[in-house]
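This one's a predicted model, so the numbers in the text were calculated from it and none came from an experiment. Order of the sequence lines sets the chain letters (A, B, ...), proteins ahead of strands, with each chain counted from 1.
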2 protein chains.
Amino acid sequence: MADQTKCEQCPLRTLEVFRKLDDKQLGFIARFKTGELIVEPGSTILLEENNSPHLYTILEGWAFRHKQLEDGRRQILNFALPGDLIGLQAAILSEMQHSVTALTRATLCVFQRDKIWTLFQEFPELSFSMTWLAAREEQMLDGHLLSLGQRTALERTAYYILHLYDRAEALGLAGNNALCAPFGKGHLAEAMGITPVHASRTIKKLHERGLIRWTDDTILIRDRDRLQALASFESDPTMRRPMI
Amino acid sequence: MADQTKCEQCPLRTLEVFRKLDDKQLGFIARFKTGELIVEPGSTILLEENNSPHLYTILEGWAFRHKQLEDGRRQILNFALPGDLIGLQAAILSEMQHSVTALTRATLCVFQRDKIWTLFQEFPELSFSMTWLAAREEQMLDGHLLSLGQRTALERTAYYILHLYDRAEALGLAGNNALCAPFGKGHLAEAMGITPVHASRTIKKLHERGLIRWTDDTILIRDRDRLQALASFESDPTMRRPMI
DNA sequence: CGGACTGTTGATCGGTATCAATGCTCGTGG
DNA sequence: CCACGAGCATTGATACCGATCAACAGTCCG
C-alpha cells in the first residue's frame with residue numbers, strides 16, 4: 001500500500017462536490033479499502049451474471065456500464081466517472097445484471113464486499129450515503145429512459161452531451177464549455193440507442209447548427225442555451241454528494 | 001388507526017417473496033408509519049419537482065412513475081406494485097424528478113420522512129433494505145434501458161409483458177399465465193416509448209402469432225417459451241426481497 | 001341520445017437502420 | 001521508409017420501422 005492513495009489524502013475528497021467525512025468514517029473507509037486496481041482501456045471490470053466479491057469506486061478514469069442481448073445488440077446504460085460506485089448491485093443483490101468496462105486507463109479503489117455489513121451496522125451516515133448513491137443513479141437512469149423513449153436522436157444527443165459535461169465539470173474534468181471526452185462516436189451511439197452511422201450524422205447536424213464542436217477527443221459546447229433548449233435539458237443544482 | 005392495517009398484520013408480509021422482519025424491526029416500522037392514504041385511479045401521488053414530506057409503500061393497488069418533457073411527451077418509467085417503495089428519491093435526495101400517479105384505486109402506507117434518519121441510525125438491517133430496494137429498482141431500469149435502446153417495439157412489448165407478469169405473480173396478482181392488467185394499451189405504449197396506434201398494432205401481431213391474448217383487462221400468455229425467445233427475456237430467480 | 005374516451009384500421013410521412021464505398025489514422029512488419 | 005491492414009468516421013442510396021393523420025367502432029357515462 002506504499003504507492004497507493006490513502007483515503008485520508010484522496011485527491012477527490014478535496015473537491016467541492018463531495019461531502020466531508022469525519023475522521024471515524026474516513027478511518028473505516030480506509031480499512032474497508034483493500035487495495036487499488038489499475039485497468040487498461042477496454043478491459044472488463046465486472047461481467048454480467050458473475051458475482052464479484054468486490055465493490056469499487058473510481059479514483060481516476062472513466063468506465064461504462066452496459067448490457068446486451070443474446071444476439072449482440074448492446075446498450076450503454078451509463079458512464080461512470082471518478083467518485084462513482086461500481087458493483088453496488090452485485091454487493092447488495094449478489095448478482096450483477098450488467099457488465100462494466102474501462103473506457104480509459106483507470107484506477108479503482110477496491111473494497112471487500114463482506115465488510116459492507118459492518119458499514120451498515122456501525123456507520124449510519126455511510127449507510128445513508130449508499131442509499132443516496134443508489135437513488136441518484138436511479139434518478140439519472142430515469143432521465144435516460146425519458147430520453148430513449150421520447151426524445152429524437154438529435155435531442156437525445158444534445159441532452160447527453162450536456163449531462164456528461166455537467167457531471168465532468170463538477171469533478172474538474174471539464175470547464176470553459178470544453179469536455180474532454182475519452183470515447184468515440186461509436187460509444188455515444190451505443191449510449192443513445194442509435195447506430196454509429198446515425199450518430200455521425202446527428203453530431204454533424206449539431207455542429208452545423210453551431211451548437212457544438214467535436215474535435216478529436218474534446219467536445220466543445222458552443223451555444224449552451226440553444227443546446228439546452230433543443231434538448232429540453234435543465235441542469236439540476238449541483239448538490240454536494242457523498243462518496244464512499 | 002382503527003380501521004387501518006397494522007404492520008404486524010400486514011397481509012403482504014405473509015407472502016413468500018418478502019423477508020420476515022423481527023419484532024423489533026416490525027415495531028419500528030409500525031411507529032414509522034403514520035397513516036394510510038387512499039387514492040383514486042388517475043390521481044397524482046407525487047409531483048415532479050415537489051419535495052414531498054412523505055415516503056410511501058403501496059399496500060394495495062397499482063401506480064406508475066413517469067416523467068415528461070416540456071412539450072408534453074411523456075414516458076412511463078416503471079409501474080409500482082404492492083410492496084414497492086414510492087418517494088425514496090424525494091426522501092433521500094430531497095427532490096423528486098418524476099411524478100407518480102395511481103393506476104387503480106390504491107392504498108398507501110404513509111411514513112414520515114424525518115424519521116428516516118432514525119431508521120438509518122438504529123436499524124442497520126432496514127438501512128440495508130433501503131439500499132437493496134434502490135439497487136433493485138436500478139436493476140429494473142437497466143433492463144428497460146436495454147429495451148428502449150435496442151429492442152424493437154415487438155420484442156420490447158413481449159419483454160415487458162413477461163416482466164410485469166413475473167412481478168405480479170410473485171405477489172399473487174397473476175397466475176396460470178393470466179395477468180390482470182389494470183391499465184390500457186395507451187399506458188403500455190407510454191411505457192414502451194411508442195404511440196398508442198403502434199402499440200395496438202404490436203399487440204395485434206403478438207396475438208396473431210399466438211403468443212398472447214389481451215382481453216378487457218387481462219393479458220393471457222399463451223406461449224411463454226416463444227414469447228421469451230422473441231423478447232430474449234430471462235426470468236431471474238425470484239429472490240426474496242425486503243419490504244419496509 | 002350525445003359526447004368523451006379508448007382502441008382499431010388504413011394511408012402516408014419521416015426518422016433511423018442498413019448496405020456500401022471511401023477516406024483517415026495508426027500501429028505493424030517487411 | 002513505405003506498404004499494408006485494422007479500426008473508426010464520413011457520406012450516399014435505399015429500405016424499413018414506427019409516427020402521424022384521419023376516419024370509424026365500441027363503451028361508458030351523464
Taking only the side-chain heavy atoms of [X] (C-beta and beyond), determine which of [options] contains the nearest atom.
| X | options | result |
| --- | --- | --- |
| A/I194 | C/dG7, C/dC19, C/dT16 | C/dT16 |
| B/T152 | C/dA17, D/dT11, D/dG18 | D/dG18 |
| A/K185 | C/dT16, D/dA9, D/dT20 | D/dA9 |
| A/V197 | C/dT9, D/dG18, D/dT11 | D/dT11 |
| A/T195 | C/dT18, C/dT9, D/dG18 | C/dT18 |

Point-to-point distance, once rounded to the nearest 0.5 Å, from CD of A/Q97 to CD of A/E49: 8.0 Å
One should read off an interatomic distance between B/L133 CG and B/D84 CG, to the nearest 0.5 angstrom, of 8.0 Å
Rounding to an integer number of Å, can you tell me how far [X] [atom1] sits from [N] [atom2]?
| X | N | atom1 | atom2 | result |
| --- | --- | --- | --- | --- |
| A/R201 | C/dT16 | CZ | P | 12 Å |
| A/H198 | D/dC16 | NE2 | C1' | 14 Å |
| A/Q150 | D/dA19 | CD | P | 9 Å |
| B/R73 | D/dT20 | CZ | C1' | 14 Å |
| B/R151 | D/dG18 | CZ | C1' | 18 Å |
| B/L154 | D/dG18 | CG | C1' | 12 Å |
| B/L188 | D/dG18 | CG | P | 14 Å |
| A/F183 | D/dA9 | CZ | P | 11 Å |

Does A/R151 count as lying over the ring of A/Y159, i.e. NZ or CZ under 6.0 Å from the six-ring centre, within 45 degrees of the axis? yes
Under-4.0 Å salt bridge between B/E155 and A/R73: yes
Any side-chain N or O of A/S200 less than 4.0 Å from the OP1 or OP2 oxygen of D/dA9? no
Test of ring centre spacing under 6.0 Å for A/Y160 and A/H144: yes
Using the six-membered ring wherever Trp is involved, compare the ring planes of B/W214 and B/F183 and label them parallel, tilted or perpendicular (cut-offs 30° and 60°). perpendicular
Taking side chain as C-beta onward, heavy atoms only, is A/M96 less than 4.5 Å from A/N50? no
Note down the inter-axis angle between the two ends of the helix from C/dC1-D/dG30 to C/dG30-D/dC1, five pairs each, to the nearest 10°. 30°
